[in-house]
Structure formats: C-alpha cells, structure tokens
Amino acid sequence: MNMDQNIILEVKNLKQHFPIYRGLLQRQAGAIRAVDGVDFSVLENEVLGLVGESGCGKTTVGRSILRLYDPTDGEVWYRTAAGERIEITRLSQKEMKPLRKEMRMVFQDPFSSLNPRRTVKEIIGEPLIIHKVARGRAMEERVAELMLSVGLDPNYMDRYPHEFSGGQRQRIGIARTLSLSPRLIVADEPVSALDVSVQAQVLNLLQRLKDDLGLTLLFIAHDISVVEHISDRIAVMYVGKIVELASTEMLLWEPLHPYAEALISAIPPADPDIKLERIPLSGEVPSPANPPSGCIFHPRCRFAQEICAREEPHLEEIKPAHYVSCHFARELQLRGIGGVA
Amino acid sequence: MNQIKQPHAVTEAILEIKDLHTRFFLEKGVVRAVDGVNLVLKRKSTLGVVGESGCGKSITAMSVMRLIQSPPGKIVQGEINLYRKDGVIVDLTKLDPRGPRMRAIRGAEIAMVFQEPMTSLNPLFTVGEQIAESVRLHQQLDRRAALERALEMLYKVQISEPKQRLHAYPHQLSGGMRQRVMIALALSCNPSILIADEPTTALDVTVQAQILDLMRQLQDTIDSSIMMITHNLGVISQMADEVAVMYLGRVVEYAPVRELFHHPLHPYTVGLLNSVPVLGRKGQKVLIPIAGMVPTPTSEIQGCAFAPRCPRVMPACHEHNPRLESAAPAHYVACWLYADPPA
C-alpha cells in the first residue's frame with residue numbers, strides 16, 4: 001500500500017451495512033448496503049470533495065470515518081499529529097476520545113444541529129470542557145478568539161442560536177468544530193441549507209481556515225459547482241461505491257465513468273447561452289438493499305455490455321492519479337463540462 | 001396608482017401584477033412580504049422569479065393563487081389582472097378567495113406546482129384518484145372519464161408504467177415521479193398559467209434535469225405560460241425567457257434572460273451573480289459574497305431596501321425608494337444609479 005507521508009486518512013474497503021428487520025420475530029431480512037466497499041485516501045491539507053445524489057452513501061462515509069457508526073467491514077487508517085498511524089474502526093469509544101479532538105464534523109443544518117437552549121458560549125465552549133482543555137475565564141477567551149476567527153462578534157457570546165441568521169449559525173457550528181484545533185474536518189453539506197449570497201461567505205471562510213490553519217477537509221455535498229470551487233480532488237459516489245476519483249479539473253473536464261459524465265451533464269450552467277444537453281439516464285437509482293449484479297451502474301448505462309452485468313469492476317488507476325471503476329474506462333469517449341472530451 | 005409604469009404592452013400579457021402589497025399582521029409586527037411588486041407574465045413565455053428566502057417570491061405566487069391565509073395575511077393594495085382569451089380582464093384581488101369564481105380559476109386557469117411533492121400530495125389517495133378529483137372539479141366528466149384523463153396525463157408527463165402508477169400511492173413513488181404527478185395534476189385542466197414554486201429544489205440534479213426537460217417539452221405542446229420561482233440561477237438561465245429579481249418584497253430588476261445574465265444592472269443582481277460558483281470557472285472566479293444579511297422582515301427600511309448592503313450606496317438611497325423604471329430597451333431596474341432621485 002501507499003505509505004506516502006502526506007496521507008492523513010486512508011480508507012480501505014469500508015463497508016457500512018444497516019440491517020433490515022422484518023416480521024413478528026424481527027429476524028434480519030437483509031441489509032441496506034449504504035457503503036459497500038469504498039477505498040480512498042485524503043492528503044494532508046487538501047480538500048477532497050465527495051459528491052453523489054441522495055442515498056448514494058456519501059454522508060454515511062463521513063459518519064463511519066468519524067466512528068459515529070461502527071463500520072461493518074474495512075479499515076480506516078488515521079495519521080495522528082504525532083505521526084502515528086492508527087486503524088480506528090476497531091477502537092473503543094474511550095480509545096477514540098483523544099482522536100476526536102483531531103477529527104471533527106460540520107453538519108448541514110445550522111438550525112437543528114445547535115442546541116436552542118444553550119448560549120453560543122456554551123455551544124462553542126462545550127468541547128473545551130469535555131476534553132478538559134479550558135474552563136472558566138480561559139474558555140471564554142478561547143471562545144472569543146474562535147468567534148473572531150469565523151467572523152462573529154464575541155460580544156454576542158451570551159446570545160442563543162435563534163438570535164442568529166442561518167449563515168451566522170453555520171459560523172457558530174464551524175467555531176465549535178474548530179474549538180479543539182482539529183486536523184481533519186468532515187463537512188457534510190455545510191452550505192446547502194444557506195441562501196446563495198450567504199453560501200459564498202461560508203465557502204470563503206472554510207477556504208481561508210483551511211489555508212490559515214493547515215486543515216484537511218472531506219467536503220461532502222450534492223452541489224457539484226460548490227464542490228468544484230473548494231475541492232482539490234473529487235470522488236463521485238453511486239449506490240454505496242466510489243465510481244470515479246480524480247483531480248477536480250480531470251474529473252469535470254475529462255470524466256472517465258459514464259455516471260460521472262451523466263451527472264456533470266445534468267448541471268444547469270447558469271449561462272443562458274450554454275444550453276443544457278444532458279445525457280439521459282434511463283430508469284431509477286437502484287435500492288442499496290438490493291443492488292444489481294456486476295457493475296452497480298450497468299442497468300442505466302448507455303455503454304453497458306454483457307460483462308457489466310456479470311463482473312463487478314474495481315476502482316483502478318486508469319490515468320495517473322485518476323481512478324475509475326468501469327470495465328471500459330480505457331475505451332470510452334466521454335463528455336466533460338467543456339463539451340466533447 | 002397612476003404613476004406606476006407599465007413594463008410591457010398589456011396586449012401580450014396574460015397576467016399582470018400591479019403594485020401588489022401583501023402583508024402579514026403578526027404580534028411581533030407587520031411583515032411586508034410583498035411590498036409593491038410589478039410584474040408581467042407574457043403569453044406562452046416563461047417568467048423566472050429569483051431571489052433568496054424571504055424575498056417574497058413565494059408569497060407573490062400565493063397571492064396570485066389567492067391562497068394567502070387570512071388572518072394574518074392580507075393583500076392590502078394592488079391589482080392582479082388575469083387576461084382571458086376571450087378578452088375579459090379579471091382582477092383576482094377583487095374576488096372572494098373562497099368564492100365560486102376564484103375556485104373556478106384556481107386549478108383550471110391558473111395551476112401551481114409546489115416544491116415538496118411529498119407534502120402536497122394526499123398520502124391516503126392514489127395518484128389517479130387525485131388527478132381525477134381535480135379534473136372532475138372543473139369539468140363535467142364522470143369518474144371513469146376523469147380517470148382516463150388522469151391516465152392520459154401520466155402518459156404525457158412520461159412516467160414509466162403509467163397504468164400501474166395510476167393506482168399507486170404517493171409513498172410508492174420516487175421524488176422525481178411524485179413531481180411528475182404534481183405536474184400532471186397541475187396541467188390536467190389545461191391551465192393557461194402554470195406557477196412552479198421551486199419545482200426541482202428537492203430533487204437530485206439528474207432528476208432535476210429530467211423535470212426541466214419535461215416542462216420545456218410540455219410548454220411546446222400546450223398553450224401555457226409559466227411563472228418559475230427559484231433561487232437557482234442555473235435553472236433560471238435554462239428555463240426563463242424573462243427574469244424578475246426580487247429583494248425584500250420588491251422586484252429590483254426585470255429583463256430578458258440573456259440581458260440579465262450578461263448585463264446585470266442592479267447591484268443586488270450583480271452581487272447574486274458574483275456570489276455563486278459556476279461550474280467550470282474554478283480559478284477564474286473569486287466568490288464575492290454580498291455583505292451583511294437580509295434584514296428581519298418586520299424592520300422598516302427607509303429608502304431602498306438594499307441600501308444597507310449595497311456596495312454602491314449613495315446618500316439618496318437612504319431617503320427615497322427607487323421605482324422599477326426602464327434603463328435600456330426591455331430592461332427595467334429599481335436603482336438610483338440609473339435614474340435621478342427627486343431633489
């Protein structure tokens with residue numbers, strides 16, 4: 001395996017299945033394969049964008065990595081600040097606790113993810129107390145510093161979340177995430193609940209914090225224009241698997257997987273002179289409880305051959321640092337945002 | 001009222017909103033949700049209405065449908081003129097929202113598609129029954145004929161296996177199929193106006209593209225004008241012929257779509273266009289957020305409502321509220337940069 005010193009997080013064959021119970025005896029009748037064998041690495045101080053449509057498992061990947069779920073299978077290797085590589089999927093919650101200072105999450109909805117009965121000071125300061133980093137006056141000083149760093153007025157630290165707008169609340173959430181000086185942040189749809197003019201404020205803030213603090217971000221979102229703006233590399237997920245992973249430019253301008261191509265072609269370009277020419281996708285997204293045989297995308301793929309229904313493709317490096325999971329990735333001529341690739 | 005300028009010749013209009021004010025009288029104050037909106041929807045064209053949450057775009061639509069709950073809401077001023085094919089002009093604000101005339105217009109002449117198809121369909125009835133109910137409400141058809149019409153509509157919106165779907169309940173359908181059902185429902189009585197309020201916001205991008213395609217195809221085959229409300233500039237650029245940009249209950253700019261995207265005039269429109277990432281422009285485009293935030297809806301702002309956030313604000317902006325006036329052919333803007341403020 002790649003022992004690159006720059007890798008802060010390495011995910012190997014990660015699986016997260018959720019059992020389905022049925023009947024009077026509540027027997028296990030199957031499983032939702034929300035994440036079904038995902039491999040990727042995150043480099044230090046990069047932004048890796050994770051995109052896909054609802055139900056593709058992108059949020060579950062983020063949560064499994066932070067051990068908000070117990071992964072069904074696979075490995076997650078994290079390199080600590082001290083340079084030690086730790087496999088975290090089998091750690092107990094107690095063993096995880098010191099790592100939780102370094103690996104943190106920003107949630108989507110700034111309305112439901114902040115406790116309405118706590119003041120901003122309590123919300124941002126809580127992790128400091130839990131991890132016994134600071135309390136009392138020292139905690140207050142740290143909270144003020146954090147509020148300043150995300151562009152909030154520290155004079156408002158005794159106010160409650162409802163007194164803030166959506167964008168400000170997301171800043172509160174980010175300040176809380178930053179309180180323990182994390183190294184890796186999983187940001188799950190951090191701007192999708194915000195108005196467009198406010199989205200830009202939060203995106204610019206994340207970008208600045210990443211540069212100033214040397215953070216690494218796993219940025220999960222469905223809006224590819226937003227992901228393009230902030231990400232160094234992008235991974236595209238479809239029904240629990242990564243189908244393509246490459247640098248932002250390569251993935252968008254020269255996609256190699258038919259699903260990535262269709263996804264990119266469906267984005268309305270925000271320019272009336274460019275007409276949207278989407279590549280039609282037949283049928284519906286399959287259920288992760290009952291995924292199709294072979295390649296998960298084959299029932300909807302316009303290039304599907306007999307082998308696609310029979311054999312599952314694996315994520316392979318087709319071009320340098322361009323990983324694709326498709327039997328025909330070397331042969332297909334696909335279209336990126338520039339038109340014909 | 002006589003000072004209000006007509007954005008367009010009335011002859012080609014099908015719906016004309018004139019100086020509309022819709023307010024909500026709440027305990028914490030009066031919300032001026034719609035505060036003097038002037039809009040024209042042209043026959044057989046698509047008007048895009050863009051703005052951020054709270055700008056009054058949905059309340060404008062609900063006012064047209066006369067679906068504003070009263071109390072606390074009330075249309076306090078203005079006209080909503082519907083130009084019928086037979087030449088008769090009906091001012092919808094004068095009608096009783098619960099009366100027979102408005103009920104005959106709602107659904108039959110003006111239909112609406114909502115954002116969240118799960119909450120706007122009744123979970124207890126099959127898709128076919130719901131479409132048939134709407135058909136029977138407006139047309140003299142028996143149950144069987146209405147169901148046939150429902151099936152025909154499901155074919156029209158290109159649902160897969162329409163015969164089976166006719167007997168399906170909303171929860172058995174995917175989000176994209178539910179939105180297709182909503183569109184079938186809205187178009188079942190051949191309305192002359194379709195109001196679509198964020199019709200694709202809850203959908204995935206590949207499904208959104210399918211629904212937008214469908215709406216464009218349907219518009220070519222039926223005689224409908226569409227008022228498309230959305231915050232998504234990409235959707236607007238693809239769908240609209242004309243665009244109205246709203247901010248705090250007012251239309252601040254109104255222009256043909258290419259004109260608006262290539263030569264935006266109002267500082268708020270410019271700000272919106274600068275603050276969204278555009279696919280393929282990474283590295284070429286720095287996101288410039290609009291300073292500050294949308295004021296609380298109960299606050300009363302003297303002068304131009306955008307002045308507190310405007311990068312090009314002038315003293316006059318805090319004193320006088322600019323009207324929507326012509327700045328270029330077919331291009332209307334409400335901003336003192338393009339008109340002389342009163343001395």
Work out which heavy atom in [X] is nearest to a heavy atom in [Y]; give both atom names and the distance.
X        : Y        : value
A:Ser225 : B:Pro277 : O-CB, 3.4 Å
B:Val278 : A:Pro269 : CG1-O, 3.7 Å
A:Lys275 : B:Ser237 : NZ-O, 4.1 Å
B:Gly280 : A:Ile337 : CA-CD1, 3.3 Å
A:Ala266 : B:Thr206 : CB-CA, 3.8 Å

Output the option from A:Val226, A:Asp271, A:Leu263 having the highest count of non-hydrogen pairs under 4.5 Å with chain B.
->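 Counting heavy-atom pairs under 4.5 Å, the top option is A:Asp271.
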Leading residue by heavy atom contact count with chain B [cutoff under 4.5 Å; candidates A:Glu249, A:Glu228, A:His229] =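 With the most close heavy-atom pairs to chain B, the winner is A:Glu228.
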When you look at [atom1] of [X], are more than 12 heavy atoms from neighbouring residues, nucleotides or ligands closer to it than 6.0 Å?
X        : atom1 : answer
B:Arg258 : CZ    : no
A:Phe303 : CZ    : yes
B:Arg216 : CZ    : yes
A:Glu277 : CD    : no

Of the backbone (N, CA, C, O) and the side chain (C-beta and beyond), which part of [X] lies under 4.5 Å from a heavy atom of chain B, both, or neither?
X        : result
A:Ile279 : neither
A:Glu284 : side chain
A:Ser231 : backbone
A:Gln168 : side chain
A:Thr248 : side chain

For A:Leu276, does its backbone N or O pair with a side-chain atom of B:Gln238 as donor and acceptor, under 3.5 Å?
->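 Side chain of B:Gln238 to backbone of A:Leu276, a donor-acceptor pair under 3.5 Å: yes, one is there.
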With a 4.5 Å heavy-atom cut-off, do [X] and [Y] have their side chains touching?
X        : Y        : answer
B:His262 : A:Asp273 : yes
A:Gln201 : B:Ser275 : no
B:Val276 : A:Gln199 : no
B:Leu272 : A:Val196 : yes

Chain A contact via [X] - which portion, at a heavy-atom distance below 4.5 Å:
X        : result
B:Met239 : neither
B:Gln210 : both
B:Asp213 : side chain

Nearest-0.5 Å distance, [atom1] of residue [X] to [atom2] of residue [Y]:
X        : Y        : atom1 : atom2 : result
A:Asn204 : B:Ile288 : CG    : CD1   : 9.0 Å
A:Ile267 : B:Asn232 : CD1   : CG    : 10.5 Å
A:Leu194 : B:Glu52  : CG    : CD    : 10.5 Å
A:Ile230 : B:Leu287 : CD1   : CG    : 9.5 Å

B:Ser53 side chain to A:Asp195 side chain, donor-acceptor N/O pair below 3.5 angstrom |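 Their side chains do contain a donor-acceptor pair, which is all the 3.5 Å distance test asks for.
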